[in-house]
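Notes to accompany the following structure.
The residues of the chain are indexed from 1 along the displayed sequence.
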Amino acid sequence: MFDKPSTVTASGTPNLVDLTDSLDLTEADLGTTVSDMERSAQRLGRALVVVVDDRIAQSEQEDNIGPLVTELLEEAGFIVDGAVAVAGETVDIRNALNTAVIGGVDVVITVGGTGVSPRDVTPDATAGVLDRPIPGIAEALRASGLAAGAVDAGVSRGLVGVSGSTLVVNLAGSRASVRDGMATLTPLVAHVIEQLSGIDAP
């Protein structure tokens, strides 16, 4: 299989053509390999961020949470369609979630509005959108957040579940909750998306 020696370039690396010949790889083999790699890199799919905050939605305060969630999602391998801000109104939140589901995103992350104040209605709005709740993930987010000292995560009423083929996740609004929540969530999201797409998770 390695009868033909490969040529080494000036940089000390084998010449790709000769190396390909020595491994008996065809162009079709290389095309398949690249295609597989591209699918693997994109396997987590598309995401949307919904920030639930009256002041941000009314442009009275700069959004510093949406960009953080976007960055963490991109680091995890998602293509983020964008971050939208909505007021803490059940109808507004539900409309944003339905738009994400209809748009075919793989996961939508809401941030904020998960506590117990009268304006914290994100879980209530989310409940009307979900087809199947996944309470285990919501419980994991609360437990890890509380252990990390993010009190708002520990007392969050946030829900996690599936609407159509989209995973919907409610995170509490503090930066600490977001960072801890995304760290807990990322490996779980990959598993859920693989199941929803019909691909067996490893």
Side-chain angles (χ1 to χ4, degrees), residues 43-53 56-57 63 65-116 119-145 150 152-153 155-174 177-199 201:
R43 69 186 179 89
L44 290 184
R46 294 166 49 219
L48 181 74
V49 181
V50 177
V51 178
V52 182
D53 187 291
I56 294 175
D63 178 16
I65 288 294
L68 172 61
V69 182
T70 297
E71 178 185 348
L72 295 173
L73 283 167
E74 289 176 342
E75 287 177 356
F78 284 95
I79 298 170
V80 182
D81 284 5
V84 298
V86 299
E89 301 286 350
T90 302
V91 172
D92 293 349
I93 299 166
R94 189 172 296 165
N95 285 343
L97 293 176
N98 282 328
T99 298
V101 172
I102 293 170
V105 300
D106 297 285
V107 60
V108 54
I109 307 288
T110 74
V111 185
T114 63
V116 296
R119 296 291 290 170
D120 289 333
V121 297
T122 301
D124 310 277
T126 301
V129 174
L130 298 182
D131 297 322
R132 289 168 289 167
I134 310 177
I137 297 181
E139 291 161 7
L141 292 172
R142 279 187 278 274
S144 64
D152 62 331
V155 300
S156 170
R157 299 187 300 117
L159 302 178
V160 178
V162 174
S163 179
S165 59
T166 299
L167 179 66
V168 182
V169 180
N170 297 156
L171 293 181
S174 71
S177 294
V178 167
R179 289 189 179 281
D180 179 78
M182 289 301 298
T184 301
L185 189 63
T186 298
L188 302 175
V189 168
H191 180 79
V192 172
I193 289 177
E194 285 172 340
Q195 289 195 324
L196 289 174
S197 65
I199 301 172

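Taking CG of L167 as the reference point, atom CD of Q195 lies at 11.0 Å (rounded to 0.5 Å). In this structure, I102 CD1 and L97 CG are separated by 11.0 Å, a value rounded to the nearest 0.5 Å.
Of all heavy-atom pairs spanning S165 and L196, the tightest one is O-CD1, 3.6 Å.
Under the rule for a side-chain hydrogen bond (donor to acceptor under 3.5 Å, both in side chains), the partners of S144 that lie at least two apart in sequence or sit in another chain are D180, T184. When the side-chain contact (heavy atoms from CB on, under 4.5 Å) test is applied to A100, the partners found at least two apart in sequence or on another chain are L48, V105, V108. By the side-chain contact (heavy atoms from CB on, under 4.5 Å) test, D152 pairs with A150, A172, S174, S177, sequence neighbours left out. Legend: residues meeting side-chain contact (heavy atoms from CB on, under 4.5 Å) with D63, ordered by chain and number and at least two apart, are V51, I56, I65, P67.
At a threshold of 4.5 Å between non-hydrogen side-chain atoms, the residues V168 and L159 do not count as touching. You'll find the side chain of V50 reaches within 4.5 Å of the side chain of V86, heavy atoms only.
Sorted by first then second residue, the side chain to side chain donor-acceptor pair (under 3.5 Å) pairs that include residues 88-103, not counting sequence neighbours, are E89-R119.
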List, one per line, each side-chain donor-acceptor pair under 3.5 Å for residues 123-141, sequence neighbours excluded.
unit_1 : atom_1 : unit_2 : atom_2 : d
D124   : OD2    : R157   : NH2    : 3.0
T126   : OG1    : T122   : O      : 2.8
T126   : OG1    : N170   : OD1    : 3.3
T126   : OG1    : N170   : ND2    : 3.1
D131   : OD2    : G164   : N      : 2.6

Report all side-chain donor-acceptor pairs from residues 73-85 shorter than 3.5 Å, counting only partners two or more places apart or in another chain.
unit_1 : atom_1 : unit_2 : atom_2 : d
D81    : OD1    : R46    : NE     : 3.4
D81    : OD2    : R46    : NE     : 3.1
D81    : OD2    : R46    : NH2    : 2.5

Decide yes or no on side-chain contact (heavy atoms from CB on, under 4.5 Å) for L185 and I109, but give the supporting numbers first.
CA-CA 10 Å; L185 189 63; I109 307 288; 3.6 Å; yes
What verdict does the side-chain contact (heavy atoms from CB on, under 4.5 Å) test give for L68 and R179, after you've listed the backbone C-alpha separation in whole Å, the side-chain angles of each residue and the deciding distance to 0.1 Å?
CA-CA 8 Å; L68 172 61; R179 289 189 179 281; 3.5 Å; yes
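Among the candidates I193, T166, V192, the single residue satisfying the side chain to side chain contact (heavy atoms under 4.5 Å, CB included) test with D106 is I193.
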